[in-house]
Amino acid sequence: YYNWTNKGLVLWISWVDDCLLIGNKAAVQRAKQQMMERFDCDEVGELVEYVGCKVDINREERWAKLTQPVLLQSFGDEFDLPEGVAPRTPAIAGDVLLRGEVEDQVSNQEQKEYRSGVGKLLHMMRWSRPDTLNSVRELSRFMQGAVPGHVKAMKRVMKYCVGTPNRGMLLKPNGIWDGDPDYEFVVAGRSDSDYAKDVERRRSVSGYSVSLNDAPVSSSCKMQGHVTLSVTEAELAAATQCAQDMLFTMRVLESVGLRVQKPMRLEVDNKGAKDLTHNWSVGGRTRHVNVREWFLRDLKEEGVVEVKWISGDNNSADLFTKNLQGPLFEKHVRTYCGEDEYMREDRHADN
């Protein structure tokens with residue numbers, strides 16, 4: 001909820017009965033008083049925790065970090081995690097979890113514990129640990145019929161998270177907004193896909209992230225809902241999903257009276273997908289993906305989105321489609337979690 005006052009924009013963010021109030025200090029005090037006159041409210045002071053997340057704010061360096069220490073504690077308390085040094089990455093590089101044989105499936109009690117553990121990881125992945133998106137997505141495919149290898153993979157992700165407790169979603173935007181309604185915010189996106197990753201149904205994985213003034217505001221990692229017939233088509237599907245999320249972010253900002261710089265920049269690491277969005281001709285080998293092409297082309301022609309090519313090594317969305325080697329994993333983690341103490345080589349095992 002929002003309100004433009006003579007002190008600037010005031011935002012109310014509600015999650016069930018937890019309300020967060022943001023804006024100019026004087027305007028916030030007035031809005032808080034008006035709310036408390038109408039409803040029976042408890043004031044809990046400055047923002048230090050919200051919806052299960054610890055919120056660390058550094059006003060001098062202008063950043064906020066989200067972590068979930070209580071949830072991390074439950075990993076060690078409720079699950080028998082492996083001993084030794086925490087792994088450097090949440091999953092083995094290049095590893096893909098496969099469905100096991102029926103006779104190898106874990107017991108009902110172990111399956112229940114597995115579902116509980118993956119549920120906790122899904123919550124943490126969603127709110128504070130984007131670095132675990134791909135590994136947790138794979139774990140979530142086996143809520144039924146898990147085998148010991150899946151349980152081992154789950155505990156590896158937990159051990160990685162417990163070993164990096166201060167790593168979390170970092171919101172550190174570029175630029176300073178002084179409250180001017182004519183200020184133009186910068187929305188950008190990066191997308192990637194891993195072609196035919198699902199060996200059972202040969203479907204590809206889409207991964208993308210959307211940023212606001214270079215601060216991550218949305219990220220996704222999921223199996224595509226259809227079979228794509230080429231790498232370019234899979235990349236185009238991922239780019240389309242990213243563009244839709246960019247439009248959502250743009251419309252949220254514009255709905256409260258803010259402005260977004262256009263065209264918004266969408267970066268992909270496949271030149272074929274980029275070229276298709278700039279080319280109005282349709283060849284026989286791409287006719288079946290014509291709808292997605294036209295969607296992105298229309299956005300380009302309207303000046304809303306411009307698709308740019310980016311090299312794979314610089315595409316941070318690569319983090320959301322495959323399990324990466326340590327150095328490349330840490331390079332992309334910096335985009336979402338910033339530089340932290342866990343990136344020193346001597347603090348981790350080689351796995």
Closer than 3.5 angstrom, by distance alone: can the side chain of Asp269 be matched with the main-chain N or O of Ile310 as a donor-acceptor pair?
no
Give me the one residue out of Arg137, Lys222, Arg141, Arg99 that meets salt bridge (Lys or Arg N to Asp or Glu O under 4.0 Å) with Asp198.
Arg141
Would one find more than 12 heavy atoms of other residues, nucleotides or ligands at under 6.0 Å from atom CD of Glu101?
no
For residues 242-256, which residue pairs pass the side-chain hydrogen bond (donor to acceptor under 3.5 Å, both in side chains) check, not counting sequence neighbours?
Tyr208-Asp245, Ser218-Asp245, Glu254-Lys262
In residues 74-81, what donor-acceptor pairs under 3.5 Å come from side-chain atoms, sequence neighbours left out?
from  : atom 1 : to    : atom 2 : distance (Å)
Ser74 : OG     : Leu71 : O      : 2.5
Asp77 : OD1    : Gln73 : NE2    : 3.1
Asp77 : OD2    : Gln73 : NE2    : 3.3

Arg115, CZ: over 12 other non-hydrogen atoms inside 6.0 angstrom:
yes
Minimal heavy-atom distance between Gly207 and Ala317, with the atoms involved, is O-CB, 3.9 Å
If we count only N and O atoms by modelled type, under 3.5 Å, do the side chains of Glu233 and Ser230 hold a donor and an acceptor together?
no
For residues 15-43, pull every pair meeting ring-ring contact (aromatic ring centres under 6.0 Å, His included), keeping only residues two or more places apart or in separate chains.
Trp15-Trp127
Do Glu267 and Lys308 sit within salt-bridge range, that is, some charged N less than 4.0 Å from a carboxylate O?
no
Check the angle between the aromatic planes of Trp177 and Tyr183 and answer parallel, tilted or perpendicular using the 30° and 60° thresholds.
tilted
So does Asn108 have more than 12 non-hydrogen atoms from other groups sitting under 6.0 Å from CG?
no
Under a 3.5 Å threshold, yes or no: a donor from one side chain and an acceptor from the other, between Lys32 and Gln29?
yes
My understanding is that only residues two or more places apart in sequence, or in another chain, count here; which of them pass side chain to side chain contact (heavy atoms under 4.5 Å, CB included) with Glu49?
none
If we count only N and O atoms by modelled type, under 3.5 Å, do the side chains of Arg156 and Thr89 hold a donor and an acceptor together?
yes
Evaluate the side-chain proximity of Leu139 to Met125: yes if any heavy-atom separation is below 4.5 Å, no if none is.
no
Flag the pair Asp313 and Lys331 as a salt bridge only when some basic side-chain nitrogen lies within less than 4.0 angstrom of an acidic carboxylate oxygen.
no
Using a strict 4.0 Å threshold on nitrogen-to-oxygen distance, state whether Glu306 and Arg265 make a salt bridge.
no
Test item: His123 side-chain N/O and Lys120 main-chain N/O as donor-acceptor pair under 3.5 Å
no
Output the rest of the hydrophobic cluster of Val252: all Ile, Leu, Val, Met, Phe, Trp and Tyr residues reachable through side-chain heavy-atom contacts under 4.5 Å, sorted by chain and number.
Phe248
Name the residue from Asn323, Asp194, Thr321 that meets the side chain to side chain donor-acceptor pair (under 3.5 Å) definition with Asn134.
Asn323
Ignoring hydrogens and angles, state whether a donor on the side chain of Ser204 or Thr228 is under 3.5 Å from an acceptor on the partner side chain.
yes
Derivation of the side chain to side chain contact (heavy atoms under 4.5 Å, CB included) call for Met250 and Val304:
CA-CA 10 Å; Met250 177 193 77; Val304 177; 4.1 Å; yes
Among side-chain atoms of Arg190 and Ser211, is any donor-acceptor pair under 3.5 angstrom?
no
What I want to check is whether the side chains of Ser209 and Tyr336 have a donor and an acceptor closer together than 3.5 Å.
yes
Please answer whether the main-chain N or O of Pro82 pairs with a side-chain N or O of Lys159 as donor and acceptor at a distance below 3.5 Å.
yes
Not counting sequence neighbours, which residues clear ring-ring contact (aromatic ring centres under 6.0 Å, His included) with Tyr195? List them please.
none
